[in-house]
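Here the structure comes first, spelled out in structure tokens, and everything after it is commentary.
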Amino acid sequence: MKGFNVLHPMGWDAFGLPAEQYAIDTGTHPSITTKKNINTFRRQIKMLGFSYDWDREVDTTDPAYFRWTQWIFLKLFNSYYDPSWAKAVDISLLEDALAEKPRRRSEWESSAFLASWRKAAQEAGNDPQQREAFVRKTVSDLRLAYENWVPVWWCEGCKAVLANEEVKDGKCDRKGHQNVVRRPMRQWLLRITAYADRLLEDLKLVTWSESIKEMQRNWIGRSEGAEVDFEIAEGPAAGQKLRVFTTRPDTLFGATYMVLSPEHSLVGKITASQQREAVHAYRSEAARKSELERTSLDKEKTGVFTGNYAVNPVNRDKIPIWIADYVLASYGTGAIMAVPAHDTRDFEFAQKFNLPVIQVVQPPDPKVDWHGFVDDGTSVNSTGPDVSITGLPTGEAKTKITAWLAEKGLGKKAINYKLRDWLFSRQRYWGEPIPVVHCEKCGVVAIPETALPLMLPEVTDYTPPATGEPPLAKATEWLNTVCPQCGGPAKRETNTMPQWAGSCWYYLRYMDPKNSQQGWDPAKERYWMPVDLYIGGAEHAVLHLLYSRFWHKFLFDRGYVSTTEPFTRLINQGMILGEDGQKMSKSRGNVVNPDSVIVEYGADSMRLYEMFMGPLEAMKPWNMQGVQGVYRFLQKAWRMVVNEETGRLDPAVRDAQADEETLRLLHQTIRKVGGDVETFGFNTAISAMMIFVNHLARQEVRPKSVLESFVLILAPFSPHVAEELWSRLGHNRSLAHEPWPQYDEELAREKQLELAVQVNGKVKDRIVVAAEADDESVKAVALASEKVIAALGGKTPKKVLVVKGRLVNIVV
RNA sequence: GGCCGAGUGGCGGAAUGGCAGACGCUGGGGACUUAAAAUCCCCUGCCCGCAAGGGCGUAUGGGUUCGAGUCCCAUCUCGGCCA
């Protein structure tokens, strides 16, 4: 109606566990269940009359779709991240550089990153075989999609690996299974950490709510500090370096012990024999706990002494090395220097195990206790044989000690992120197959793009083998294949992609959904991108939205998209709760089924009520009586036009001139509704339309032109009723082709205004003045009011304030 | 524990620093009807008062301002995310 070309699509992100679980339980192929559910959702959505462009419908489980998900995976597999250029680059450049191929020499010579790897390759030796092995390892280590053995959450109940975010309170968040343990497995990972800084930086380019941005910042968790090397003091590992990350290098002199995470690779080597048993027992205990349990502040601290010591580089002190589960292998280096005086967790731990606490920071306020003081202050007791930071404020102390460490080769400035690489494989059937094979001779080999889509094998048994291998391992015919590189025997990758994969790029497919030659046509991409408005639940704040941004930036680097960010504006619609104010759930029995609401009140009432309930972003409870309310409004709007007795146009509807008041209200309503739509204030837009209908329904003459304008502004909210009224008003073309009504500022203007008159801020009277009256005459009318004179009680006003169109305040 | 957000009638919620409670629901009264539903009209924040009228009110306490639901400080409660 406003003449914009709007792409308003709908699609289905349909890979995932529920359909697979159902398949395991019933033997029904997940694609059948998925199709059935899609059909139900589509029917319900169509019933509500949303004007989605169904020609653009996508389904992430459709081979014509996931072919391109797999294609993006291959692009990731065939790229490395070049920090000196801060972008992803085709892996062939790395290969050429390491092999010193003349091809693209000037290109690879200009990368400092490639230069350092070339140097490493030269140092690997001159033996061609050694050299080749080094190149091969380096190339596979630097890919953006890579394999690694990682301790992952293994759910005994699901027989599947869970992502960190699927484990809540040490339980499986999907099915509530209790038996979740850490276990190392071969996994695929995507190097999202390479993009950490850009994902952080570019948040300033998008119009999202501050809270969502903040969640992403916290999730990425960038912190600046230093890496410091301590030396192992005793045993066979003596002299080896134990690296820690700390955000507080200024507190190094207060380090009284060290803590390794139980999983740390050095634990075995450094543990003294008399402590071996205790350490082993503690490690297996820790494997069962979730990070939440382990790092919770109110939890009683636990830990075991390894029997070994480390040397503090700043003062040569020998300090004991412990292991404790409050240190996580996945954060920093998996080891910390403990400064109990100025870290809450270290302090608790030291108290419990009677470890020394040394003050090294003086709080700015001398009344504040330094025990457990974690903020900035002034360094004290921080003088060693070679360096001193005593007397320096925290900021300067950090800089000085870090510079000293770097100079002595004992450490360096470092930035650490909480963000981990994205665990990108699942041991499941119902997901996109990862398009690589494992060849005995060539290792991991990507299948050629022309062989995509790589289909899932048809199977009858969806249960995973108890070995922990994915279900696809059972499909032997599919599994055994030939290597695309050497033609020898090879096995297909049996892991599938996680549910997030398909939804990472679906917005791009909407722009060109039927293209069989490419994922999307670059010209169409340039025309439509970026997504102007993205509406979704806040539950996607960190995962989907971060993954999607990561893929988009990667595609940008490789030249496949033209924008650095995919979603310009993001709005999080609030959740609708059940009538009891609780989250809707089958078990609570408070679920509202749209089908039955539509049968009783119609689709327009359902739509209108959802918009009228309150602000779009707020969480709000459903209320059937509220539906009844908007239903009444629609009925009234209907009767304003159609006579219920005759079923024809009401006699009050005439080709008449509208009176001044009606016309004014109409133009005010058009203005209000139009403005509210821009700001997503649907609830107040509907309220304005209610006021309009309440007025017009009372009129004995209802000018047809006024009704027509009203029906047009009602249409986006209540399309079915509006179309029908439009037709009853004598039109035989859909109103969707009509222009949005314009309002006339002059006609919308009030001619007379009622102003409040306050004496010392309290309302004493109301006066009516002409809208264009100047301040002086308004003042005069206000001061002439009897009630005002009475309230003044003979006193002379000190000041009289006139607020245009609002009120007069008389100060005495 | 940290970060973010929010606290307004019986309920959902309105309110560019300018008349708090728009609009809707609920409840009450009335009209129409044999009756009911639907519809229409009136009332509906709390307290005092027969009334006219007055007082108090946006979680709590303070502050800025002619004027604060709105801005600032502190506290409490709830929600979300993280640990």
Side-chain angles (χ1 to χ4, degrees), chain A residues 164-165 168 209-221 290-299 326 328 331 343-345 348 372 374-375 418-419 537-543 572 574-577 579 581 583 605 608-615 617-636 639 644-645 669 672 675-676 679 681-694 697-698 753-767 787 790-791 797-812:
Chain A
N164 276 337
E165 45 273 12
K168 291 259 160 75
S209 73
E210 222 15 74
S211 69
I212 297 276
K213 287 194 195 181
E214 192 59 25
M215 278 188 226
Q216 293 221 343
R217 284 186 206 112
N218 289 339
W219 193 266
I220 295 166
S290 74
E291 296 194 359
L292 184 82
E293 268 181 282
R294 287 174 50 163
T295 55
S296 167
L297 276 173
D298 40 275
K299 190 207 75 164
Y326 77 94
L328 300 175
Y331 184 77
D343 180 278
T344 315
R345 277 190 277 256
E348 278 176 40
V374 298
D375 296 325
K418 270 197 288 206
L419 184 69
E539 69 273 19
H540 291 131
V542 277
L543 303 177
N572 300 114
M575 204 192 323
I576 309 253
L577 305 171
E579 293 211 73
K583 198 168 161 177
S605 296
L608 210 56
Y609 176 60
E610 292 220 335
M611 287 187 276
F612 185 60
M613 288 170 89
E617 309 202 50
M619 200 186 263
K620 44 215 178 249
W622 186 267
N623 177 358
M624 249 343 156
Q625 259 143 359
V627 184
Q628 180 81 40
V630 294
Y631 176 70
R632 278 205 276 262
F633 159 69
L634 285 176
Q635 297 275 354
K636 198 165 181 174
R639 287 194 309 270
E644 287 210 292
E645 306 271 301
T669 307
K672 174 77 177 151
D676 281 352
T679 57
F682 302 128
N683 52 335
T684 47
I686 292 166
S687 145
M689 290 191 282
M690 285 172 168
I691 292 169
F692 176 81
V693 168
N694 286 343
R698 263 194 286 260
L753 298 172
E754 194 190 65
L755 306 183
V757 182
Q758 298 179 331
V759 174
N760 284 341
K762 291 207 182 278
V763 180
K764 292 296 172 186
D765 198 7
R766 284 158 226 281
I767 55 172
K787 286 180 187 166
K798 257 193 271 179
K799 199 169 10 164
V800 181
L801 286 115
V802 179
V803 183
K804 262 240 168 302
R806 297 286 185 173
L807 52 66
V808 181
N809 191 10
I810 300 163
V811 187
V812 291

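- Considering only residues two or more places apart in sequence or on other chains, A:Asp676 meets the side-chain hydrogen bond (donor to acceptor under 3.5 Å, both in side chains) condition with A:Lys672, A:Thr684.
- Of the P atoms belonging to B:rG7 and B:rG12, the separation is 12 Å, rounded to the nearest Å.
- Of the two residues near RNA chain B, A:Val542 and A:Ile691, the one whose nearest nucleotide lies more 5' is A:Ile691.
- Not a single side-chain hydrogen bond (donor to acceptor under 3.5 Å, both in side chains) links A:Glu754 to another residue, sequence neighbours left out.
- Contact between the side-chain N/O atoms of A:Asn694 and the OP1/OP2 oxygens of B:rG24 is found at a separation under 4.0 Å.
- For A:Met215, whose side chain is taken as the heavy atoms from C-beta onward, the closest listed nucleotide among B:rA14, B:rG80, B:rA83 is B:rG80.
- Proximity note for A:Gln625 (side chain, C-beta onward) versus B:rA14, B:rU26, B:rC4: the nearest is B:rU26.
- For the P atoms, the distance from B:rA22 to B:rC72 is 27 Å, rounded to whole Å.
- A sub-4.0 Å separation between OP1 or OP2 of B:rC23 and a side-chain N or O of A:Asn683 is absent.
- Out of B:rC25, B:rC4, B:rU16, the shortest distance to the side chain of A:Arg806 is found at B:rU16.
- Under the Watson-Crick or G-U wobble criterion, with both distances below 3.5 Å, B:rG5 is paired with B:rC78.
- Between the CG atom of A:Asn760 and the P atom of B:rA68 there is a distance of 11 Å, rounded to whole Å.
- For the P atoms, the distance linking B:rC73 with B:rC3 amounts to 13 Å, nearest Å.
- We find that CD1 of A:Ile212 is positioned 14 Å from P of B:rG80, with the value rounded to whole Å.
- Rounded to a whole angstrom, the distance from the P atom of B:rU60 to that of B:rU65 is 23 Å.
- With a cut-off of 3.5 Å on both pairing distances, the Watson-Crick or G-U wobble partner of B:rC40 is B:rG30.
- Using a 4.5 Å cut-off on side-chain heavy atoms (C-beta onward), A:Asn694 and A:Lys636 make contact.
- In this entry the distance linking OH of A:Tyr609 with C1' of B:rC11 reads 10 Å, nearest Å.
- The partner of B:rA22 cannot be assigned: no Watson-Crick or G-U wobble pair with both contacts below 3.5 Å exists in any strand.
- For A:Ser211, the side-chain atoms get nearest to B:rC4 when compared with the rest of B:rC4, B:rG18, B:rG24.
- Taking the side chain as every heavy atom from C-beta outward, A:Ile691 and A:Thr669 never approach each other to under 4.5 Å.
- When the P atom is compared between B:rA14 and B:rC23, the two are found 14 Å apart, to the nearest whole Å.
- Checking B:rC56, B:rC66, B:rG24 against the side-chain heavy atoms of A:Val811 singles out B:rC66 as nearest.
- Remark: B:rG49 base-pairs with no nucleotide; criterion is Watson-Crick or G-U wobble with both hydrogen-bond distances under 3.5 Å.
- The side chain of A:Leu801 approaches B:rC66 more closely than any other nucleotide in the set B:rC25, B:rC66, B:rC23.
- Distance from the side chain of A:Asn809 is smallest for B:rG67 among the nucleotides B:rC56, B:rA22, B:rG67.
- B:rA74 and B:rC4 are spaced 12 Å apart, taking the P atom of each and rounding to whole Å.
- Between A:Glu210 and A:Ala538, the one whose closest nucleotide on RNA chain B sits nearer the 5' end is A:Glu210.
- For A:Leu807 and B:rA68, the CG to C1' distance is 13 Å, given to the nearest whole Å.
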Do any N or O atoms of the protein come closer than 3.5 Å to N or O atoms of nucleotides 33-39 of chain B, and which pairs are they?
{"unit_1": "B:rU39", "atom_1": "O3'", "unit_2": "A:Arg639", "atom_2": "NH2", "d": "3.4"}

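- A:Ile576 places its CD1 atom 20 Å from the P atom of B:rG79, with the value rounded to the nearest Å.
- Counting heavy atoms from C-beta outward, A:Trp622 and A:Tyr609 have side chains that approach closer than 4.5 Å.
- The distance between atom CG of A:Leu608 and atom C1' of B:rC23, rounded to the nearest whole Å, is 12 Å.
- For A:Lys620, the listed nucleotide lying nearest its side chain is B:rG13; candidates were B:rG24, B:rG13, B:rG18.
- No engagement by A:Met689 is indicated, since no non-hydrogen atom pair under 4.0 Å with the nucleic acid exists.
- Within the 4.5 Å cutoff, the side chain of A:Val374 has heavy atoms near those of the A:Thr344 side chain.
- Remark: P of B:rG5 and CD of A:Glu214 are 9 Å apart, rounded to the nearest angstrom.
- Pair check for B:rU65 finds none; no Watson-Crick or G-U wobble contact set falls under 3.5 Å.
- Annotation: B:rG10 and B:rG17 have their P atoms spaced 27 Å apart (nearest Å).
- With its glycosidic angle more than 90° from 0, B:rG28 adopts the anti conformation.
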Output side-chain donor-acceptor pairs under 3.5 Å for residues 757-764 of chain A, partner residues at least two apart or in another chain, one line each.
{"unit_1": "A:Asn760", "atom_1": "OD1", "unit_2": "A:Val812", "atom_2": "N", "d": "3.0"}

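- In this model, no side-chain donor or acceptor of A:Asn218 finds a partner on the base of B:rC82 within 3.5 Å.
- A distance of 5.0 Å separates CG in A:Leu634 from CG in A:Leu608, rounded to the nearest 0.5 Å.
- For B:rC41, the OP1/OP2 oxygens have a side-chain nitrogen or oxygen of A:Arg698 closer than 4.0 Å.
- Note on residues 802-812 of chain A: pairs passing salt bridge (Lys or Arg N to Asp or Glu O under 4.0 Å), not counting sequence neighbours, are A:Asp775-A:Lys804.
- A:Lys672 places its NZ atom 11 Å from the C1' atom of B:rU16, with the value rounded to the nearest Å.
- Judged as a salt bridge (charged side-chain N to carboxylate O under 4.0 Å, His left out), and not counting sequence neighbours, the contacts of A:Glu210 are A:Arg217.
- Comparing the C1' positions of B:rU26 and B:rC11 gives an interatomic distance of 7 Å, to the nearest angstrom.
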